Engineer: 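Have a look at the structure that comes next, please.
This one's a predicted model, so the numbers in the text were calculated from it and none came from an experiment. First the proteins, then the strands, lettered A, B, ... as listed; each starts at 1.
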Number of protein chains: 2
Amino acid sequence: MTKKNKYNIQFRIWFFAGNEKLLGIGRVELLEKIKETGSIANAAKLMKMSYRQAWQMVTEMNERSNKPLVEKQLGGKSGGGTIVTQAGLKVIDEFNKMKNKVKVFINEESKKIKL
Amino acid sequence: MTKKNKYNIQFRIWFFAGNEKLLGIGRVELLEKIKETGSIANAAKLMKMSYRQAWQMVTEMNERSNKPLVEKQLGGKSGGGTIVTQAGLKVIDEFNKMKNKVKVFINEESKKIKL
DNA sequence: ATTCGATATGTTTATTTAGGAATAGCGATA
DNA sequence: TATCGCTATTCCTAAATAAACATATCGAAT
């Protein structure tokens with residue numbers, strides 16, 4: 001049998017707030033890491049990105065969302081930190097649900113493609 | 001009423017040949033323009049991209065696909081041209097069908113999201 | 001008041017990507 | 001065999017992105 005004569009299909013989804021891109025898989029993962037670690041700095045390390053980049057992403061998301069997705073706290077003995085809000089958790093959840101649904105759908109539909 | 005408290009969802013799909021990206025919406029449109037105009041040069045103009053870029057895309061697609069998606073012809077009074085093969089037409093069609101299905105699916109699923 | 005670690009932000013450097021220009025090659029047709 | 005417009009390809013420049021560096025700010029806890 002020669003090369004498999006079929007395509008596999010990849011996809012990405014994004015949530016938009018109005019006509020502004022709010023987030024995609026990368027930023028959702030960042031939010032998840034922030035949730036786990038309690039800070040942008042630690043989340044950035046896990047994501048192997050610079051703090052600066054992570055901070056910019058978070059700031060942009062918060063500006064574009066009608067409700068803040070994270071709350072940042074300055075100062076304190078531990079220097080501060082960042083927590084994901086209820087709205088943020090909701091977005092993470094809805095994003096992942098939608099992503100999984102689309103994945104299943106596309107997998108099913110792929111089977112139907114002849115050739 | 002304040003800002004609408006809902007996200008709209010955008011998506012993109014790509015066809016892969018093995019683990020190599022074959023094409024997405026941009027290249028499908030390029031193929032469609034080639035089909036219409038009969039040449040990469042004219043298609044590039046319509047797409048407002050350089051011939052160079054369009055040529056690279058086409059070449060890459062052909063290399064990655066198991067079957068050529070276009071056939072190029074050199075020389076001749078008209079200088080030559082490029083036609084989309086049956087396999088190419090098939091890919092265009094399948095891509096657009098899949099894209100539309102996913103669009104409908106995501107629109108339906110979006111409605112179900114509360115908040 | 002001092003400390004601490006995280007947030008906040010400007011500046012600079014490097015890397016990647018895209019764009020444009022230029023040129024050679026092709027070959028059916030007239 | 002001269003022509004014509006398209007394919008094919010290299011080279012250089014410009015622009016956009018990303019990475020790296022540096023430093024200021026914050027404020028609860030001690």
Engineer: Between A/I34 and A/I83, does a side chain to side chain contact (heavy atoms under 4.5 Å, CB included) hold up when you go through it step by step?
Structural biologist: CA-CA 7 Å; A/I34 291 171; A/I83 61 147; over 6 Å; no

Engineer: Would you list the pairs meeting ring-ring contact (aromatic ring centres under 6.0 Å, His included) in which at least one residue belongs to residues 58-88 of chain A, sequence neighbours left out?
Structural biologist: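 Non-adjacent pairs meeting ring-ring contact (aromatic ring centres under 6.0 Å, His included): zero.
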
Engineer: I'd like to know if the side chain of B/S39 pairs up with that of B/N42 as donor and acceptor (distance under 3.5 Å, no hydrogens or angles considered).
Structural biologist: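 Side-chain D/A pair, B/S39 to B/N42: present.
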
Engineer: Counting only heavy atoms and a strict 4.0 angstrom limit, can you tell me which residues of residues 29-52 of chain A come near DNA chain C?
Structural biologist: A/S39, A/I40, A/A41, A/Y51, A/R52

Engineer: Between CD of A/Q53 and CD1 of A/I40, what distance do you get to the nearest 0.5 Å?
Structural biologist: 12.5 Å

Engineer: With sequence neighbours left out, which residue pairs that include part of residues 65-85 of chain B fulfil the ring-ring contact (aromatic ring centres under 6.0 Å, His included) condition?
Structural biologist: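 Non-adjacent pairs meeting ring-ring contact (aromatic ring centres under 6.0 Å, His included): zero.
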
Engineer: Between residues 54-62 of chain B and DNA chain D, which residues have a heavy-atom gap below 4.0 Å?
Structural biologist: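 Going residue by residue through residues 54-62 of chain B, the ones with a heavy atom under 4.0 Å of DNA chain D turn out to be B/W55.
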
Engineer: If hydrophobic residues (ILVMFWY) are linked whenever their side-chain heavy atoms come closer than 4.5 Å, directly or via other members, who joins B/V104 in its cluster?
Structural biologist: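 Members alongside B/V104: none; it stands by itself.
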
Engineer: Hey, does the side chain of B/T82 come within less than 4.0 Å of D/dC6's phosphate (OP1/OP2), counting only N and O?
Structural biologist: no

Engineer: With a cutoff of under 4.5 Å between side-chain heavy atoms, which Ile, Leu, Val, Met, Phe, Trp and Tyr residues group with B/F16?
Structural biologist: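 Joined to B/F16, directly or through intermediates: A/W14, A/F16, B/W14.
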
Engineer: Filter on salt bridge (charged side-chain N to carboxylate O under 4.0 Å, His left out), then keep only pairs touching residues 24-52 of chain A, sequence neighbours left out; what's left?
Structural biologist: A/R27-A/E60

Engineer: For A/N62, what residues pass the side chain to side chain contact (heavy atoms under 4.5 Å, CB included) criterion, not counting sequence neighbours?
Structural biologist: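 Side chain to side chain contact (heavy atoms under 4.5 Å, CB included) list for A/N62, sorted by chain: A/P68, A/L69, A/V70.
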
Engineer: Let me have a per-nucleotide readout for nucleotides 23-30 of chain D, 5' to 3', with B, S or -, counting only protein heavy atoms under 4.0 Å.
Structural biologist: ---BBBS-

Engineer: Can you give me the first and the last nucleotide of DNA chain C (5' to 3') that has an atom within less than 4.0 angstrom of a non-hydrogen atom in chain A?
Structural biologist: C/dC4 to C/dT11

Engineer: Can you check whether B/F11 and A/F11 have ring centres sitting under 6.0 Å from each other?
Structural biologist: no

Engineer: Could you name each residue pair satisfying ring-ring contact (aromatic ring centres under 6.0 Å, His included) that touches residues 77-99 of chain A, not counting sequence neighbours?
Structural biologist: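 Sorted pair list: A/F15-A/F95.
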
Engineer: Among residues two or more places apart or on two chains, list those pairs meeting ring-ring contact (aromatic ring centres under 6.0 Å, His included) that have a residue in residues 58-91 of chain A.
Structural biologist: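 Matches after skipping sequence neighbours: none remain.
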
